[in-house]
Amino acid sequence: MDLLKKLKSGASKAADVAQQTVEMTKLAAQITVRKREIEKYMTLIGQEVYEARAAGDPSLAEARVEEWCSAVSGLKQDIATLERQMRYVRNEKTCSCGKAVPGDANYCPTCGRPQDLDAAQEVINIDATGVADNREA
């Protein structure tokens, strides 16, 4: 009977690891898509500024560049949210020094700062449109 319990426990752990891997892959793919969008916007910004400058009036590019810069800022926020979700899936938190720390760590392995173990871990759900829903676990 012990053998069956051990097999069941091992299979359950394997399924959990597989689910975590699938979730991490999805999140990484979403980050990659957003980074590619940022690259496209950066190219558009550069072209627009160059063309306006070549036309002799750099202010011609101002409105479009502002719009595209806002889009890039939004994409960067999305990426930060997805990265926080990845840390949640890996059961990590962020130290005040900016480094990832295992969720059960008492101290940051990088800077040595004590970690608050009682603090609720933030859960960030990303829906199909990429909109973040922040809540406490």
Side-chain angles (χ1 to χ4, degrees):
M1 196 65 163
D2 260 353
L3 179 61
L4 289 175
K5 285 182 181 179
K6 287 181 182 180
L7 285 174
K8 187 176 179 179
S9 173
S12 176
K13 287 179 184 177
D16 290 345
V17 169
Q19 178 62 35
Q20 180 183 12
T21 301
V22 167
E23 185 69 23
M24 293 296 290
T25 302
K26 286 180 185 178
L27 292 167
Q30 290 178 18
I31 289 172
T32 299
V33 167
R34 283 164 177 79
K35 285 183 177 181
R36 285 186 187 141
E37 288 179 47
I38 288 172
E39 288 176 16
K40 288 178 186 177
Y41 279 120
M42 293 296 194
T43 300
L44 289 171
I45 290 168
Q47 288 173 345
E48 189 74 16
V49 168
Y50 175 78
E51 289 170 7
R53 181 111 169 108
D57 188 3
S59 66
L60 295 174
E62 200 169 315
R64 281 187 147 180
V65 168
E66 181 65 34
E67 176 185 331
W68 292 332
C69 286
S70 294
V72 168
S73 295
L75 289 167
K76 285 185 176 191
Q77 289 176 352
D78 289 350
I79 289 170
T81 299
L82 290 164
E83 288 171 342
R84 285 194 313 271
Q85 182 65 18
M86 289 178 83
R87 284 192 299 275
Y88 174 78
V89 169
R90 288 188 303 245
N91 190 29
E92 293 178 344
K93 54 190 172 187
T94 304
C95 179
S96 57
C97 72
K99 300 294 183 180
V101 178
D104 59 350
N106 292 326
Y107 297 92
C108 174
T110 303
C111 70
R113 286 188 180 104
Q115 301 298 302
D116 184 9
L117 296 176
D118 297 329
Q121 188 174 18
E122 183 180 20
V123 178
I124 303 133
N125 291 323
I126 309 295
D127 68 13
T129 62
V131 176
D133 172 28
N134 298 340
R135 57 190 167 101
E136 295 295 315

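Worth knowing before you read on, the calculation uses all heavy atoms, side chains too, and leaves out hydrogens, waters and symmetry mates.
Follow the hydrophobic side-chain contacts under 4.5 Å out from V33 and you never reach V89; the two are in separate clusters. Linking Ile, Leu, Val, Met, Phe, Trp and Tyr residues whenever their side-chain heavy atoms come within less than 4.5 Å places M24 and I31 in a single cluster.
Annotation: the span from W68 atom CH2 to S73 atom OG amounts to 15.0 Å, rounded to 0.5 Å. Here CE of M86 is found 13.5 Å from NZ of K26. Values are rounded to the nearest 0.5 Å. Between the CD atom of Q77 and the CG atom of L82 there is a distance of 12.0 Å, given to the nearest 0.5 Å. The distance from atom SG of C69 to atom CD of E62, rounded to the nearest 0.5 Å, is 10.5 Å. Distance CZ/R84 to CD1/I79: 12.5 Å, rounded to 0.5 Å. To the nearest 0.5 angstrom, I38 atom CD1 is 8.5 Å from D78 atom CG.
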Quiz: residues 43-57 side-chain donor-acceptor pairs under 3.5 angstrom, not counting sequence neighbours:
{"unit_1": "T43", "atom_1": "OG1", "unit_2": "E39", "atom_2": "O", "d": "3.0"}
{"unit_1": "D57", "atom_1": "OD1", "unit_2": "S59", "atom_2": "N", "d": "3.3"}
{"unit_1": "D57", "atom_1": "OD1", "unit_2": "S59", "atom_2": "OG", "d": "2.5"}
{"unit_1": "D57", "atom_1": "OD2", "unit_2": "S59", "atom_2": "OG", "d": "3.3"}

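Other residues, nucleotides and ligands place no more than 12 heavy atoms under 6.0 Å from the CD atom of E66.
Contact record, R90 with Q20: CA-NE2, 3.4 Å, taken as the closest heavy-atom pair. Looking at every heavy atom in both residues, Y107 comes nearest to P114 through CD2-CA, 3.5 Å.
Proximity of T94 to V101: side-chain heavy atoms (C-beta onward) are nowhere separated by under 4.5 Å. Q115 has its side chain within reach of K93: a pair of non-hydrogen atoms, C-beta onward, lies under 4.5 Å apart.
In terms of the side chain to side chain contact (heavy atoms under 4.5 Å, CB included) criterion, residue partners of K99 (sequence neighbours excluded) are, by chain and number, C97, T110.
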**Study point:** Full working for side chain to side chain contact (heavy atoms under 4.5 Å, CB included) between V17 and K13
**Key:** CA-CA 6 Å; V17 169; K13 287 179 184 177; 5.6 Å; no
Check your understanding: Run the side chain to side chain contact (heavy atoms under 4.5 Å, CB included) check on E37 and V72 step by step: do they pass?
Key -> CA-CA 8 Å; E37 288 179 47; V72 168; over 6 Å; no
